[in-house]
*Asks:* 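One structure follows; several queries about it will come next.
None of the values given here were measured: they were computed from a predicted structure. Counting starts at 1 for both ligands and their atoms, following the listed order. The residues of the chain are indexed from 1 along the displayed sequence.
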Amino acid sequence: MDLCNLSVIKNLMSDAGITFRKEFGQNFLINRMIPEDIADNCTDNSDSLIIEIGPGIGCLTQELAMRYKRVVAIEIDKGLIPILDKTLAEFDNVTVINADVMEVDLSEIVRTYGEGMPVSVCANLPYYITTPILMRLLESGVPFSSITVMVQNEVASRLIAAPGKSDYGSITTMLGYYGTVKRLFKVSAGCFIPAPKVDSAVVRIDLYKEKRFNPKSEKLFRDLVRAAFEMRRKTLVNAISTKLPQYDKVAVTEALIALGLSETVRGERLSTEEFVNLSDILFEAK
Ligand code: SAM
């Protein structure tokens, strides 16, 4: 059964008595090559446990199951579960969990299904919740080798933006803290049913095996990034002293000068490393 075939999708859904749910960001792939390409590129290690978020009717899940040792697919929509039971019946290496990825215990899933195995994430993400899902994965403490996800193309541009570019934001800085990102390929809106308004892209995040940055206070580093981008039109000195008043303008100015940065610099110009260094100087100064 070709799960990217339009009439197959429609028949499966009408037999189950369900329709596409916009509130869950349901845009299903209808171009066979895309799930194949995503599955091919998600990790180099076929012995991996792959966690898929939002399997839909299972088109990407099948491709993952054919290539990797174990797949755990987390789907929020309970109406899709009977369909997945059917479409994934032939694969004994797949487990479907009916849950919200924002609430499941990812470490527990890894302990249960992939203890000691390399773990990666692979997903065509629901667009209404892309950034919170990415942050949840990165902050989960699970040592993912890679996270390969389809996102809106404009979000992909944000994830890979260089400091100083208009697309650069707090998610870019935070991703840089955990690993490196690249855009693998673009996917046009016509490859989905229903077709979204914008094109998409697949990005792969390769997580650092060893922590690359070790700020003296991770909390302060995070607070600085948040302050900088919540008030991105202000200078960094003003943004930090407004949002984190325990660091006055003089202290922040001195820290920037010590880093060789202009005292009028905006946060969007700083790399992840510069934010970490700034947080260390301010932490020491307290
Ligand atoms: N993987 C399928 C495909 O590529 O055709 C479907 C992708 S569709 C863009 C997103 C999927 O994520 C839907 O199946 C949707 O029900 C599911 N989803 C949405 N929010 C979710 C959440 N918070 N937790 C788990 N799954 C979610």
*Asks:* Taking Tyr168 for the side chain and Leu270 for the main chain, is one N or O donor matched with an acceptor at less than 3.5 Å?
*Replies:*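 Here the side-chain-to-backbone pair exists.
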
*Asks:* Just going by heavy-atom distances, which of Pro196, Ala99, Cys122, Gly25 is nearest to atom 8 (S) of ligand 1?
*Replies:*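 The residue whose heavy atom sits nearest atom 8 (S) of ligand 1 is Gly25.
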
*Asks:* Provide, to 0.1 Å, the distance between atom 2 (C) of ligand 1 and the closest protein heavy atom, together with that atom's residue and name.
*Replies:*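 So the nearest neighbour among protein heavy atoms is Pro55 O, 3.4 Å.
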
*Asks:* Say you draw a straight line from CG of Leu49 to OG1 of Thr112; how long is it, rounded to the nearest 0.5 Å?
*Replies:*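 Here the interatomic distance stands at 10.0 Å.
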
*Asks:* Using a 4.0 Å cut-off to any heavy atom of Ile74, which atoms of ligand 1 qualify?
*Replies:* 25 (C), 26 (N)

*Asks:* Using a 4.0 Å cut-off to any heavy atom of Gln26, which atoms of ligand 1 qualify?
*Replies:*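 In order of number, 13 (C), 15 (C), 16 (O).
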
*Asks:* Donor-acceptor pair, distance only, cut-off 3.5 Å: does the side chain of Tyr68 make one with the backbone of Ala39?
*Replies:*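 Present.
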
*Asks:* Compute whether any side-chain donor of one residue and acceptor of the other, for Tyr178 and Glu139, lie under 3.5 angstrom apart.
*Replies:*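 No, Glu139 and Tyr178 have no side-chain donor paired with an acceptor closer than 3.5 Å.
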
*Asks:* With heavy atoms only and a cut-off of under 4.0 Å, state how Glu52 meets ligand 1: side chain, backbone, both or neither.
*Replies:*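 Glu52 to ligand 1: side-chain contact only, backbone stays beyond 4.0 Å.
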
*Asks:* Return all side-chain donor-acceptor pairs below 3.5 angstrom for residues 78-88, not counting sequence neighbours, or 'none' if the list is empty.
*Replies:*
| unit_1 | atom_1 | unit_2 | atom_2 | d |
| --- | --- | --- | --- | --- |
| Thr87 | OG1 | Ile57 | O | 2.9 |
| Thr87 | OG1 | Ile83 | O | 3.3 |

*Asks:* Between Leu125 and ligand 1, which residue portion shows a heavy-atom distance shorter than 4.0 Å: side chain, backbone, both, or neither?
*Replies:*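 The backbone, only.
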
*Asks:* Can you tell me if Arg70 and Thr95 form a side-chain donor-acceptor pair at under 3.5 Å?
*Replies:*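 The criterion, which ignores hydrogens and geometry beyond distance, is satisfied for Thr95 and Arg70.
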
*Asks:* Is there a polar contact between ligand 1 and Pro126, counting only N or O atoms under 3.5 Å apart?
*Replies:*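 Among all N and O atoms of Pro126, none is under 3.5 Å from an N or O of ligand 1.
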
*Asks:* If you have a sec, work out which protein heavy atom is nearest atom 27 (C) of ligand 1 and how many Å separate them, to one decimal?
*Replies:* Ile76 CG2, 3.4 Å

*Asks:* Find all atoms of ligand 1 within a distance of less than 4.0 Å from any non-hydrogen atom belonging to Asn27, and give their numbers and elements.
*Replies:*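 Here the atoms of ligand 1 in question are 7 (C), 8 (S), 9 (C).
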
*Asks:* Gly56 to ligand 1: N or O pair under 3.5 Å?
*Replies:*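 Yes.
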
*Asks:* Numbering the atoms of ligand 1 from 1, which are under 4.0 Å from a heavy atom of Cys59?
*Replies:*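 This gives 3 (C), 5 (O) as the contact atoms.
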
*Asks:* Taking the ring centre of each residue, are Phe221 and Phe283 less than 6.0 Å apart?
*Replies:*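 No, ring centres 6.0 Å or more apart.
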
*Asks:* Which atoms of ligand 1 have any heavy atom of Asp100 under 4.0 Å away?
*Replies:* 22 (C), 23 (N), 24 (N)

*Asks:* Check for me whether Tyr128 has a heavy atom closer than 4.0 Å to any atom of ligand 1.
*Replies:*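 Yes, Tyr128 has a heavy atom closer than 4.0 Å to ligand 1.
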
*Asks:* Would Leu60 count as a contact of ligand 1 if the rule is a heavy atom under 4.0 Å away?
*Replies:*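 Contact absent.
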
*Asks:* How would you list all residue pairs meeting salt bridge (Lys or Arg N to Asp or Glu O under 4.0 Å) that involve residues 245-269, not counting sequence neighbours?
*Replies:* Arg232-Glu268

*Asks:* May I ask which of Lys78, Glu23, Glu75 has a heavy atom nearer to atom 14 (O) of ligand 1 than the others do?
*Replies:*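 Looking at heavy atoms only, the winner is Glu75.
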
*Asks:* Just by distance, with hydrogens left out, do Ser120 and Ser48 show a side-chain donor and acceptor under 3.5 Å apart?
*Replies:*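 Looking only at side-chain atoms, Ser48 and Ser120 do not form any donor-acceptor pair under 3.5 Å.
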
